[in-house]
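Let me begin by presenting the structure, written as structure tokens, before commenting on it.
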Amino acid sequence: MPDTVRVRFAPSPTGEPHVGNIRTALFNWLFARHHGGSFIVRVEDTDQERKVEGALKSILASLKWMGMDWDEGPEGDTDGSRGPHGPYFQSQRLHMYKEAADVLLAKGDAYICFCTPERLDQMRKAQTDAKRPPGYDRHCLLELTAEERQSRVDAGEEHVIRFRIPWELPEVVVHDVIRGDVTWEPKLLDDFVMMKSDGFPTYHLANIVDDHAMEITHVMRAEEWLPSTPRHVLLYQAFGWTPPVFAHMPMILGDDRAKLSKRHGATSALEYKANGYLPEALTNFMALLGWSLDDHTEIFSQEDLIKHFTLEHVGKAGAIFDAEKLTWMNGLYIRALSIPDLASRLQPFLERPQAEGGLPDDVARPLDSDFLLQLTPLVQERIKTLADVTGVLGLFFEDIADYDSAMLIQKGATADNTISALKGVLKQFESAKTWDGAELEAMVKPLVDELEMKPGQVFGAIRVAVTGRAVSPPLFETIQALGRERALSGLRSAVAALTAAT
RNA sequence: GGCGCAUUCGUCUAGCGGCCAAGGACAUCGCCCUCUCAAGGCGGAGAUCACGGGUUCGAAUCCCGUAUGCGCCA
């Protein structure tokens, strides 16, 4: 590899950080880190119409959340000054595009066009009707003299600048690392607009000018950009610049194989964060969307990814975003976390407002972190996302839920022996010297034999009595965490309820 | 409509001419473990490698065509 790899992630601040874009960022970032190169963030904000307030902030936050740091790019949301090739906001580099356009104008590789949208529509319609491929007919290049064009510009007439595609060339080929050589006929490409009438460049121009100025060595972007690449190659040729290496990565699709979009579910990286996914898991999962190392390894730390990521292993076909597999992987990562680490990640999810999935609002915040530390082992292997925690641990913070006393009677048990069991357990627990799960369990065991019941019948009854639920973490650890008072009162009300019912 | 890319189990993929009558993982099913729920272990089912032609002693792997899907432009 060349000594200094320089790659860039070039988001438009027009919306949420789409996982497709974040995956592109990840591949670029991994490539840079693998080769010891630079990762540059450049903000492509020339489309003022589509600019969305706060979008850039979310995009940068996503990168940071997933541990992708950049060597050059924005310092904050508006300060594009980190690095020697700035500014890194395209809206602050307009003069460079203007100068570049003037160079091509002077060389005759570009020309000024005054055609109105109405005329263009008419032209296209005629072409379509004649079953010919639509494309600009070079009206302003062929029908107008240079002097005419200049005088109309001087008169202040609205105009755009078009790139003159070298139709005389037999072919233009794009060398793509992933797909090999892809060839186009220049005749089939039309003279695209590179400068709009408002003085803003189009994507094509700005992109090439910046990639060249920023000394980008590898352009890695989604496959949807492949069709515009021949135009870019032609631009590089017109400027006399060496193009970067291109690599078009497979797209991320929804379950209907169409480009992943909002109607397929969560598409923003920050949504996954809010839904309780770990950045480690998302990173690992996304890396595997279009890339793989071998036939058996699939769990990769960020460090592993950096070590192994190469373009040779990037696939060609689009990949469906399988949220189920992501969820499985997230569970795996949760189980691998240390208890203190997990506890601190869980805390904000429990402390969210109730309406957003947190504990009931009458539970005091912040939560006691020692208590949470004690509860964490009980959830660790029972949740797949951090957001699942409320469902599992809620019972430790709420009053016992109302339940039908019939729930106390387990399969194969009777009201009578269940009452006896509960009374026996209550008596034992009341006499307990210490409140330790293992000791409490040892007290219950003989009772089970004595009553000739199955362990599950007794345990199940106790579970419902102390939690109000049929499902909970392991019983005696739960009872220990619940505390003596809560356990005893649960047992008492259970006995009372059952007795009253019979 | 034009151009381009892609096509291996439902899904993510391994495979770069013989090791493949195709391997792993998710999901699914069954069994084991077990106080519930999980987690974990074991096992099953699941792909005529889109289809049709070539090339070759030999093709999932190379070439051509067709189909389908997707993308871009309009």
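In the text below, chain A, chain B and the rest are named by the order of the sequence lines, each starting its count at 1.
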query: Got a sec? Which of residues 285-302 of chain A come in under 4.0 Å of RNA chain B, heavy atoms?
result: Leu288(A), Leu289(A), Gly290(A), Ser292(A), Asp294(A), Asp295(A), His296(A), Glu298(A)

task: Please list, by residue number, the residues of residues 394-408 of chain A whose heavy atoms come closer than 4.0 Å to an atom of RNA chain B; answer none if no residue qualifies.
output: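 Listed by number, there are none.
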
Any base atoms under 4.0 Å from [X], or only sugar-phosphate, or nothing? Heavy atoms, all strands.
X	value
Arg469(A)	nothing
Lys454(A)	nothing
Trp225(A)	nothing

Between [X] and [Y], does the ring centroid distance fall short of 6.0 Å?
X	Y	answer
Phe321(A)	His264(A)	no
Tyr236(A)	His232(A)	no
Tyr111(A)	His159(A)	no
Tyr136(A)	Phe163(A)	no

- prompt: Does Arg257(A) make a side-chain N or O approach to OP1 or OP2 of rU11(B) shorter than 4.0 Å?
  reply: yes

query: Between Lys307(A) and Asp304(A), does at least one N-O distance fall below 4.0 Å, as a salt bridge requires?
result: no

task: Indicate yes or no: does Glu224(A) engage Lys259(A) in a salt bridge with an N to O separation below 4.0 Å.
output: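 Yes, Glu224(A) and Lys259(A) are salt-bridged.
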
task: Please name the residue in the list Trp291(A), Phe309(A), Phe285(A) that meets the ring pair (Phe, Tyr, Trp, His ring centres under 6.0 Å) test with Phe300(A).
output: Trp291(A)

Nearest to the side chain of [X], which nucleotide is it out of [options]?
X	options	result
Ala317(A)	rA6(B), rA25(B), rC5(B)	rA6(B)
Leu332(A)	rU11(B), rG40(B), rA74(B)	rG40(B)
Leu188(A)	rC5(B), rC3(B), rC12(B)	rC3(B)
Met251(A)	rC26(B), rU11(B), rC70(B)	rC70(B)

- prompt: Is a donor-acceptor contact shorter than 3.5 angstrom present between the side chain of Lys325(A) and the base of rA27(B)?
  reply: no

query: If you measure from the P atom in rA22(B) to the same atom in rA60(B), how many Å do you get, rounded?
result: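 Each nucleotide's P atom is 11 Å from the other's.
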
query: Using the C1' atom in both, what is the distance from rG46(B) to rG53(B), to the nearest Å?
result: 30 Å

Protein-nucleic acid N or O pairs under 3.5 Å, nucleotides 32-38 of chain B:
unit_1: rC35(B); atom_1: O2; unit_2: Arg463(A); atom_2: NH1; d: 3.4
unit_1: rC35(B); atom_1: O2; unit_2: Arg463(A); atom_2: NH2; d: 2.6
unit_1: rC35(B); atom_1: N3; unit_2: Leu475(A); atom_2: N; d: 3.3
unit_1: rU36(B); atom_1: O2'; unit_2: Ala470(A); atom_2: O; d: 3.4
unit_1: rU36(B); atom_1: O2; unit_2: Ser472(A); atom_2: N; d: 2.9
unit_1: rU36(B); atom_1: O2; unit_2: Ser472(A); atom_2: O; d: 2.9
unit_1: rU36(B); atom_1: N3; unit_2: Arg463(A); atom_2: NH2; d: 3.3
unit_1: rU36(B); atom_1: N3; unit_2: Ser472(A); atom_2: O; d: 2.6
unit_1: rU36(B); atom_1: O4; unit_2: Pro474(A); atom_2: N; d: 3.1
unit_1: rC37(B); atom_1: O2; unit_2: Arg382(A); atom_2: NH1; d: 2.9
unit_1: rC37(B); atom_1: N3; unit_2: Arg382(A); atom_2: NH1; d: 2.5
unit_1: rA38(B); atom_1: O2'; unit_2: Glu381(A); atom_2: O; d: 2.2
unit_1: rA38(B); atom_1: N1; unit_2: Glu381(A); atom_2: OE2; d: 3.4
unit_1: rA38(B); atom_1: N3; unit_2: Glu381(A); atom_2: OE2; d: 3.3

message: Without decimals, in angstroms, what is the distance between Arg124(A) CZ and rG2(B) P?
response: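 The answer, rounded to whole Å, is 18 Å.
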
- request: Could you tell me which nucleotide pairs with rC3(B) by Watson-Crick or G-U wobble geometry, both distances under 3.5 Å, or answer none if nothing does?
  value: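 Here rC3(B) is engaged in a pair, and the nucleotide opposite it is rG71(B).
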
query: Which of parallel (below 30°), tilted (30 to 60°) and perpendicular (above 60°) describes Trp435(A) and Phe429(A)?
result: perpendicular

statement: On RNA chain B, more 5' by nearest nucleotide between Asp256(A) and Val182(A) is Val182(A)

